[in-house]
Amino acid sequence: MIRVDNSPRDYAWGSLTDIATLRGLTPSGKPEAELWLGTHPGSPTQIVEPESAGGARTIAEYLSQTDQQPLPHLLKILAAAHPLSIQAHPSPEQAREGFARENAVGIPLDAPHRNYRDDAHKPELIFALSDTFEALCGFRPLEDTLTNLELLAQANTQACHSTSAIVEFTEQLVAHGENAIRWALEWALSGDNAVALVAEVAVAGRVLKDDLLIELSTDYPGDPGVIVALLLNRVTLTRGQALYLPAGNMHAYIRGLGIELMAASDNVLRGGLTTKHVDVPELLSVVSDAVVPVPLLEAQPVAPGIDLFVPDVPDFRLAHVVVTKENSETSQLSLSRNVIVTCTAGKVTVTGAHSSLELSQGQNAFISAEEAELSFSGIGELFLAL
């Protein structure tokens with residue numbers, strides 16, 4: 001068991017306080033968006049005491065020195081104070097093909113217009129740590145979007161503002177039938193097609209006091225992602241609920257503190273609400289336009305105080321462990337590979353086959369698969385990337 005830590009990434013959409021508060025630290029005064037725990041080279045996780053790991057400074061370096069593979073997953077503490085970009089992620093096959101294609105034409109890995117920075121897929125789940133966590137995910141039924149557009153048009157009429165763009169967009173959606181979502185994505189994200197429509201939606205959002213539309217229009221004025229957002233399910237998770245976002249699912253996190261777990265990849269195809277590169281043809285080749293319900297991932301209780309969130313990919317599972325006086329030292333969790341653990345409340349001692357480690361709120365550790373089976377004592381809350 002090796003204590004590890006990292007520095008939060010200061011993306012502009014990050015919270016000024018949430019990650020620092022969770023870690024028991026004084027806020028830096030800058031946005032803190034994500035704390036990465038894993039072996040991804042984008043933000044290597046540091047070993048707190050290198051002497052405990054043969055002098056290795058990062059998890060990746062330790063695993064390399066001991067002839068082990070990098071972790072297949074990446075655990076993040078994510079704190080959104082403003083909406084993230086709308087995005088989708090490729091399947092394994094799409095990632096391998098896209099990465100090889102961009103390599104073949106010589107696009108540098110750090111180029112702003114690069115779509116594929118590695119050859120892996122990036123399914124992910126998000127667990128709500130805050131009381132509520134707001135997101136957009138998956139395309140909702142077209143009927144719901146049409147109903148919303150009618151309300152937006154009525155609001156603009158009340159404000160004596162033009163409704164022509166909303167009306168025309170509504171008519172086009174109806175005319176395109178089963179292909180309406182794919183048509184809308186390509187139309188909205190290509191060129192300046194959606195300028196008038198975005199302006200009308202912004203006015204209507206203010207009239208209707210629609211908090212999401214007001215926020216999107218304020219944070220991303222004129223951005224066609226506002227139109228893409230109209231096509232997606234809105235969801236508000238309560239603490240303890242989780243979403244699973246497989247390949248092709250269009251989504252955006254809006255606000256909240258969460259535990260995010262994903263395959264160890266950085267492949268993102270963006271669909272608006274961003275100043276970064278948007279490759280419309282590539283996005284359309286990756287995104288699924290199927291209408292889906294909100295993709296909640298239900299917990300599987302495996303022992304007192306231990307729930308597992310198990311997606312349909314082999315790359316990761318998330319264990320949520322709540323240690324109380326009643327279950328202290330009695331609940332166990334078996335390991336099949338190396339894991340990352342983070343403590344989000346209290347103080348918990350983790351004991352394996354060969355060693356033990358006490359973690360307080362805000363502390364993290366790497367645990368070798370050689371520990372075989374873990375037990376937990378104390379009072380607190382842990383998350384383990386399995």
- prompt: Going through the checks in order, is the ring-ring contact (aromatic ring centres under 6.0 Å, His included) test met by Tyr62 and Phe366?
  reply: CA-CA 10 Å; Tyr62 170 75; Phe366 166 89; 5.8 Å; yes

statement: Separation between CG (Asp315) and CE (Met262), nearest 0.5 Å, reads 11.5 Å

query: Do you know which two heavy atoms are closest between Ala188 and Ala194, and how far apart they sit?
result: O-CB, 3.8 Å

message: Just by distance, no angles: are the side chains of Arg23 and Asn364 close enough, under 3.5 Å, to form a donor-acceptor pair?
response: no

Gap separating the NE2 atom of His277 from the CG atom of Leu269, nearest 0.5 angstrom: 8.5 Å

query: Just by distance, with hydrogens left out, do Ser355 and Glu371 show a side-chain donor and acceptor under 3.5 Å apart?
result: yes

message: Check for me whether the distance between the ring centres of Phe309 and His320 falls short of 6.0 Å.
response: no

- prompt: If you measure only the distance, is there a donor-acceptor pair under 3.5 Å linking the side chains of Thr147 and Glu143?
  reply: no

task: List in chain and number order the residues that pass ring pair (Phe, Tyr, Trp, His ring centres under 6.0 Å) with Tyr220, two or more places apart in sequence or in another chain; answer none if no residue qualifies.
output: none

query: Can you name the nearest heavy-atom pair linking Leu142 to Leu173, along with the distance?
result: CD2-O, 4.1 Å

query: Does Leu212 offer a backbone N or O that forms a donor-acceptor pair with the side chain of Arg234 under 3.5 Å?
result: no

query: Are a donor atom and an acceptor atom from the side chains of Asn6 and Ser43 found within less than 3.5 Å of each other?
result: yes

- prompt: So, Glu282 and Arg270, do they make that salt bridge, N to O below 4.0 Å?
  reply: no

message: When you compare the side chains of Arg140 and Thr145, does any donor N or O come within less than 3.5 Å of an acceptor on the partner?
response: yes

- request: Using atom types as modelled and distance alone, determine if a side-chain donor or acceptor of Ser85 lies under 3.5 Å from a backbone N or O of Gln87.
  value: no

Under-4.0 Å salt bridge between Glu215 and Lys209: no

message: Under a 4.0 Å threshold between the charged nitrogen and the carboxylate oxygen, would Glu34 count as salt-bridged to Arg9?
response: no

task: Name all pairs fulfilling the side chain to side chain donor-acceptor pair (under 3.5 Å) condition that reach into residues 182-191, sequence neighbours left out, sorted by first residue then second.
output: Arg182-Asp289

